[in-house]
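Take a look at the structure set out below.
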There are 2 protein chains.
Amino acid sequence: MLEEKEQQLDEIVSSFRRISHAFQQLLWKDAEELEITPTQLMVLRKLTVHPDIGITELAELLHLGNSAASGVVDRMVKAGLITRQRSESDRRIFHLAMTEKGKEIREKSKQSLRRHLLPLTNIPAEDAGELLRIHGEIVQILEQGRGKKKL
Amino acid sequence: MLEEKEQQLDEIVSSFRRISHAFQQLLWKDAEELEITPTQLMVLRKLTVHPDIGITELAELLHLGNSAASGVVDRMVKAGLITRQRSESDRRIFHLAMTEKGKEIREKSKQSLRRHLLPLTNIPAEDAGELLRIHGEIVQILEQGRGKKKL
DNA sequence: ATTTAATACTTCGCATGCGAACTATTTTAC
DNA sequence: GTAAAATAGTTCGCATGCGAAGTATTAAAT
């Protein structure tokens, strides 16, 4: 029965590994036509909704550590997709903003409606709802059980 | 209505990003007490069930590319967890096997029943079932829609 | 005011994963 | 038998993500 419980856990773990993988693949396909990476595309999306945020806020929106966010921003600045300007009022903070090039890509991603993501719309509506509900539940269980970062 | 559909997609994408992240965190917590990484632990598990496989087979079991599998194996050999021996019959192939140290860790992971994964058992049974079902459905949609590797 | 804390970011070393290009060994074809 | 193609792995350069340690800069404490 030890084996049994282990196998149950493994089943869930494997399922998650597999779906994460398949999903990651899809996101790459989606992004690569725009000549950008999935994470960077997500940054552009977040910046559309929350303009002028700093790196720490960005990291929180993306559920990333500071160092990871810093790296992404760095590459995007180098690629000319966003700008990073020191705040006048608090010189520890950087203000992030999209460049024209960044806005263009973000706009294109909207227009194409991300063709490669369309398979997702084949998921029956109830299943999609269920999925979001269960995911939310799990995230809650996981993030509260361990971690306990803020709030 | 363009915006609307975009937002729907984003909701799913974000949910996946978030849950993948939370899950990844959990797997690390689970593995790190054994002084191993999640992927490497998974390799040990696979080797338990499928002994003496080669790198390509391992890559398939883990849903990885060859190069990624090659890298993991490399690090595990260096860490003394597994061995990599050329096959006599077909010298292109390596046979992978666990060392004593590898077996030990694998055994420990079974005994501890991966304490950190226990939060997962708080997921209601029906939800877990639903989750697996929907995940399976999605994987099928995603892998068949694009990719189409084998079968 | 000066020391101390907290905050915002960066940097480093590491493991993961990808695809593309390359080597070596079979296998198949002709 | 020899040339061509398939198969098994490796290597390279890249992006991602982590945590730990380090640098400024600002806020709080005494």
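Below, all heavy atoms of this structure are taken into account, side chains as well, without hydrogens, waters or symmetry copies. Order of the sequence lines sets the chain letters (A, B, ...), proteins ahead of strands, with each chain counted from 1. Everything quoted here is computed from the prediction, not taken from an experiment.
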For atom CZ of B:R91, is the number of surrounding heavy atoms from other residues, nucleotides or ligands below 6.0 Å larger than 12?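 12 or below, so no.
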Flag if over 12 foreign heavy atoms under 6.0 Å of CD, A:E32: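 Counting other residues, nucleotides and ligands, CD of A:E32 exceeds 12 neighbours.
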Do A:T37 and A:T39 have side-chain atoms, one donor and one acceptor, less than 3.5 Å apart?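 No - no donor-acceptor pair under 3.5 Å links their side chains.
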Between [atom2] of [N] and [atom1] of [X], the distance in whole Å:
{"X": "A:E60", "N": "D:dG17", "atom1": "CD", "atom2": "C1'", "answer": "17 Å"}
{"X": "B:L62", "N": "C:dG17", "atom1": "CG", "atom2": "P", "answer": "8 Å"}
{"X": "B:L64", "N": "C:dT16", "atom1": "CG", "atom2": "C1'", "answer": "9 Å"}
{"X": "B:H21", "N": "D:dG19", "atom1": "NE2", "atom2": "P", "answer": "8 Å"}
{"X": "B:Q25", "N": "D:dG19", "atom1": "CD", "atom2": "C1'", "answer": "10 Å"}
{"X": "B:R86", "N": "C:dT25", "atom1": "CZ", "atom2": "P", "answer": "7 Å"}
{"X": "A:F94", "N": "C:dT7", "atom1": "CZ", "atom2": "P", "answer": "19 Å"}
{"X": "A:D74", "N": "D:dA15", "atom1": "CG", "atom2": "C1'", "answer": "13 Å"}

Name the residue closer to the 5' end of DNA chain C, choosing between A:N66 and A:R17 according to the nucleotide with the nearest heavy atom.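 Mapping each residue to its closest nucleotide by heavy atoms, the 5'-most match is A:N66.
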Given the structure, check if the side chain of B:R92 and the base of D:dT7 hold any donor-acceptor pair shorter than 3.5 Å.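 Result: at least one qualifying N/O pair found.
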Does any donor-acceptor pair link the side chain of B:S70 with the base of D:dG9 at a separation under 3.5 Å?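 Not at all, since no donor on one side and acceptor on the other fall under 3.5 Å apart.
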Counting heavy atoms from C-beta on, name the nucleotide in [options] closest to the side chain of [X].
{"X": "B:D90", "options": "C:dT26, D:dT25, C:dA15", "result": "C:dT26"}
{"X": "A:Q40", "options": "D:dA15, D:dG17, C:dC12", "result": "D:dA15"}
{"X": "B:T39", "options": "C:dT16, C:dC9, D:dG19", "result": "C:dT16"}
{"X": "B:A68", "options": "C:dG17, D:dG9, D:dG19", "result": "C:dG17"}
{"X": "B:R75", "options": "D:dT25, C:dA15, D:dT10", "result": "C:dA15"}

Mind checking who D:dT2 pairs with, Watson-Crick or G-U wobble, both distances under 3.5 Å?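 With both distances under 3.5 Å, D:dT2 matches C:dA29.
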Nucleotide opposite D:dT26 in a Watson-Crick or G-U pair, distances under 3.5 Å: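 Partner of D:dT26: none found under 3.5 Å.
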Would you call the rings of A:F16 and B:F23 parallel, tilted or perpendicular, where under 30° means parallel and over 60° means perpendicular?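 Aromatic pair A:F16/B:F23 classed parallel.
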To the closest 0.5 Å, what do you measure between CD (B:E107) and OG1 (B:T48)?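 Taking CD in B:E107 and OG1 in B:T48, the distance rounds to 8.5 Å.
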Between CD of B:Q24 and NZ of B:K29, what distance do you get to the nearest 0.5 Å?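 NZ of B:K29 is found 13.0 Å from CD of B:Q24.
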Would you classify D:dA8 as syn or anti? Syn applies when the glycosidic angle is within 90° of 0.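 Glycosidic conformation of D:dA8: anti.
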For a quick test of reading the model: is some side-chain N or O of [X] closer than 4.0 Å to OP1 or OP2 of [N]?
{"X": "A:H63", "N": "D:dG17", "answer": "no"}
{"X": "B:T56", "N": "D:dG9", "answer": "yes"}
{"X": "B:R91", "N": "C:dT27", "answer": "no"}

5' priority, DNA chain D, between A:Q24 and A:S89 [closest heavy atom]: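 The answer here is A:Q24.
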Just checking B:T37: base, sugar-phosphate only, or nothing, at a heavy-atom cut-off of under 4.0 Å?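 The answer is sugar-phosphate, as B:T37 gets under 4.0 Å only of primed atoms, P, OP1 or OP2.
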